[in-house]
There are 2 protein chains.
Amino acid sequence: MVKRGPYGKGIERREQILEAALRTIAERGFLATSVAELAEAVGLSQSGLLHYFGSKEELFVAVLRKRDEIDMAAIGEPGPEALIRLIRRNTQVPGLIELFTHMQAAAADPRHPAHDYMRVHYERGTAGFAELLRGMQTAGTLPSTVDPEVMATAFMALADGLQSRWLIDPSLDMEYYLQRCWAQFSGEPFPGT
Amino acid sequence: MVKRGPYGKGIERREQILEAALRTIAERGFLATSVAELAEAVGLSQSGLLHYFGSKEELFVAVLRKRDEIDMAAIGEPGPEALIRLIRRNTQVPGLIELFTHMQAAAADPRHPAHDYMRVHYERGTAGFAELLRGMQTAGTLPSTVDPEVMATAFMALADGLQSRWLIDPSLDMEYYLQRCWAQFSGEPFPGT
DNA sequence: GTCTATATCTGGATAGAC
DNA sequence: GTCTATCCAGATATAGAC
């Protein structure tokens with residue numbers, strides 16, 4: 001992995017930047033974080049940092065991808081509890097939810113770098129979740145009357161909506177609503193409740 | 001309503017501005033709309049316009065309130081179909097959904113003028129919806145096993161999440177998912193389907 | 001009370017030297 | 001690959017004309 005040619009150092013630098021950005025945004029929030037600040041955190045000038053990402057928006061999308069990567073590794077076992085674990089994890093880093101919410105809004109513009117990210121994010125997310133639900137149906141732990149695609153899409157939208165609202169009112173108990181809705185779809189109380 | 005004293009003209013001006021802003025944002029989208037453009041649309045300078053609202057963000061929140069006002073008048077009969085009518089209406093003006101989504105993200109900051117707006121929006125929205133559901137339960141058209149508060153909160157989050165995603169991928173059929181989820185909660189197909 | 005002009009500040013983008 | 005310098009847009013503050 002320690003490459004000699006060109007690129008080796010650049011890629012490493014890029015990773016450093018992403019990790020620093022992830023940390024800074026998690027701590028201080030998205031709105032409070034300027035490119036200049038992120039640059040300072042890794043000892044670069046503003047334009048030195050932008051050299052690696054092209055623009056602020058592309059940098060932020062890269063941060064989102066990096067977070068996905070880390071989350072995927074940390075969440076473990078797929079299953080209904082994984083969604084709850086993910087939400088619970090996110091609750092620890094409101095700054096990153098803030099980032100996601102802003103990028104989600106910005107992604108409405110097809111030219112925005114977050115546009116493609118979001119399309120893939122939703123497509124992969126629903127496909128994976130629906131797959132899981134289908135598995136539960138064959139195992140007999142989810143009624144075969146529910147449509148896995150519908151339920152997967154609905155739960156992603158529900159989780160997004162709850163997170164946006166939670167940022168505004170942190171007293172909202174996201175887990176509770178997710179579990180109650182799960183029960184409504186599955187006909188069973190949420191596993192482990 | 002034609003007032004003589006002070007304020008009369010100013011209030012009128014304000015309404016003019018809001019209507020022009022509503023139209024411009026609906027047509028060209030939120031991202032594509034600058035304060036200077038809105039000012040031009042009503043024949044004012046940028047600072048002349050800001051005189052009435054204090055800041056760009058407060059102007060946009062005022063636009064949101066104005067839209068609520070208009071929507072409330074147009075939606076008519078409360079009932080499960082009203083939610084669908086609202087969503088269908090919104091589909092005609094993606095620019096305003098874009099505005100809402102951006103304000104929703106910005107509202108995470110307690111100092112942002114959209115913060116209070118959103119808190120009231122959600123509180124009133126869920127309370128009103130829950131009230132409606134309770135009425136249906138006494139009328140026997142909704143099982144008494146569902147918790148009106150939970151269902152109301154879930155449906156608002158669901159609608160928000162679907163709208164955000166729809167902006168990114170307009171092929172998403174929001175009505176369909178809303179109706180399927182309704183059926184899941186009520187045990188009945190959606191009224192009129 | 002209504003509105004303009006102007007000045008200033010911040011954040012982000014870009015060009016070109018090294 | 002990184003810096004400095006410059007530039008530009010948008011937001012905000014203020015003075016004052018009408």
Side-chain angles (χ1 to χ4, degrees), chain A residues 2-18 20-21 24-25 28-63 95 98-99 102-103 105-106 109 111-114, chain B residues 2-21 24-25 28-63 98-99 102-103 105-107 109 111-115:
Chain A
V2 182
K3 256 197 90 166
R4 247 243 306 264
Y7 302 139
K9 187 183 169 196
I11 291 174
E12 218 175 273
R13 225 19 179 152
R14 224 184 116 99
E15 289 301 302
Q16 278 173 21
I17 293 169
L18 287 179
T24 309
I25 297 171
R28 340 229 305 215
F30 164 74
L31 292 160
T33 306
S34 69
V35 174
E37 247 169 322
L38 293 180
E40 199 186 355
V42 281
L44 278 180
S45 71
Q46 193 225 44
S47 38
L49 191 161
L50 250 22
H51 167 71
Y52 288 95
F53 298 93
S55 75
K56 182 199 180 186
E57 306 296 308
E58 283 178 89
L59 164 59
F60 282 136
V61 173
V63 170
E98 211 189 335
L99 170 64
H102 273 92
M103 288 299 114
D109 182 347
R111 289 158 309 184
H112 192 284
Chain B
V2 180
K3 256 196 87 167
R4 245 239 308 259
Y7 301 135
K9 188 184 169 195
I11 290 175
E12 220 176 88
R13 235 356 187 166
R14 225 185 114 99
E15 288 303 301
Q16 277 175 20
I17 295 170
L18 287 178
E19 273 154 34
T24 309
I25 297 171
R28 341 230 304 216
F30 164 75
L31 291 160
T33 305
S34 69
V35 174
E37 245 169 325
L38 293 179
E40 200 185 355
V42 281
L44 279 180
S45 72
Q46 196 223 42
S47 38
L49 192 160
L50 250 24
H51 167 71
Y52 289 95
F53 298 93
S55 75
K56 183 194 178 187
E57 306 297 306
E58 282 177 89
L59 164 60
F60 281 135
V61 174
V63 171
E98 211 189 334
L99 169 63
H102 272 93
M103 287 300 113
D109 182 346
R111 289 157 309 183
H112 192 284
H115 187 76

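Reminder, nothing fancy here: chain letters follow the sequence lines and each chain counts from 1. Heavy-atom basis, side chains included; hydrogens, waters and symmetry copies ignored. In this text the structure is predicted, and so the values were computed from the model without any measurement.
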Student: Considering residues at least two apart in sequence or located in another chain, which fulfil the side-chain contact (heavy atoms from CB on, under 4.5 Å) criterion with S45(B)?
Tutor: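 S45(B): side-chain contact (heavy atoms from CB on, under 4.5 Å) contacts with S47(B).
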
Student: Identify, with sequence neighbours excluded, every residue that meets side-chain contact (heavy atoms from CB on, under 4.5 Å) alongside A114(B).
Tutor: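 Expected list: V61(B), M103(B), A107(B), H112(B).
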
Student: Can you give one letter per nucleotide of nucleotides 8-18 of chain C, 5' to 3': B if a protein heavy atom sits under 4.0 Å from the base, S if only from the sugar-phosphate, - if neither?
Tutor: ----BBB----

Student: Could you pull out all residues at least two apart from L59(A) that satisfy side-chain contact (heavy atoms from CB on, under 4.5 Å)?
Tutor: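 For L59(A), the residues satisfying side-chain contact (heavy atoms from CB on, under 4.5 Å) (neighbours in sequence not counted) are I17(A), L18(A), L38(A), L49(A), F53(A), V63(A).
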
Student: Could you tell me the separation between the CG atom of L38(B) and the C1' atom of dA9(D), rounded to a whole number of Å?
Tutor: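 Rounded to whole Å, this separation is 16 Å.
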
Student: Could you state the CD-C1' distance from E58(B) to dG10(D), rounded to the nearest angstrom?
Tutor: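 So the two atoms are 16 Å apart, to the nearest Å.
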
Student: Specify the separation, in whole Å, of atom CG of L44(A) and atom C1' of dC3(D).
Tutor: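 Distance check: L44(A) CG to dC3(D) C1' gives 10 Å.
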
Student: Measure NE2/H51(B) against C1'/dA13(D) and give the value in whole Å, please.
Tutor: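 My rounded result for the distance is 15 Å.
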
Student: So, using side-chain hydrogen bond (donor to acceptor under 3.5 Å, both in side chains) as the criterion, who are the partners of E40(A) when residues are at least two apart?
Tutor: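 For E40(A) there are no side-chain hydrogen bond (donor to acceptor under 3.5 Å, both in side chains) partners, ignoring immediate neighbours.
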
Student: Can you tell me how far P of dG1(C) sits from CD of E12(B), to the nearest Å?
Tutor: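 That distance rounds to 16 Å.
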
Student: Do D109(A) and E98(B) make a side-chain contact, defined as non-hydrogen atoms from C-beta onward lying under 4.5 Å apart?
Tutor: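 The answer is no, as the side chains (C-beta and beyond) never meet within the 4.5 Å cut-off.
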
Student: Can you tell me the distance, in whole Å, between the CZ atom of R14(A) and the P atom of dG1(D)?
Tutor: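 The answer, rounded to whole Å, is 12 Å.
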
Student: Mind calculating the distance between CG (L31(B)) and C1' (dG10(D)) to the nearest angstrom?
Tutor: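 Between C1' of dG10(D) and CG of L31(B): 14 Å.
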
Student: Look at all strands and tell whether L49(B) reaches a base, only sugar-phosphate, or nothing, counting heavy atoms closer than 4.0 Å.
Tutor: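 If one applies the 4.0 Å heavy-atom cut-off, L49(B) turns out to touch nothing in the nucleic acid.
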
Student: Taking only residues two or more places apart in sequence, or in another chain, which ones meet A41(B) in a side-chain contact (heavy atoms from CB on, under 4.5 Å)?
Tutor: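 side-chain contact (heavy atoms from CB on, under 4.5 Å) list for A41(B), sorted by chain: T24(B).
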
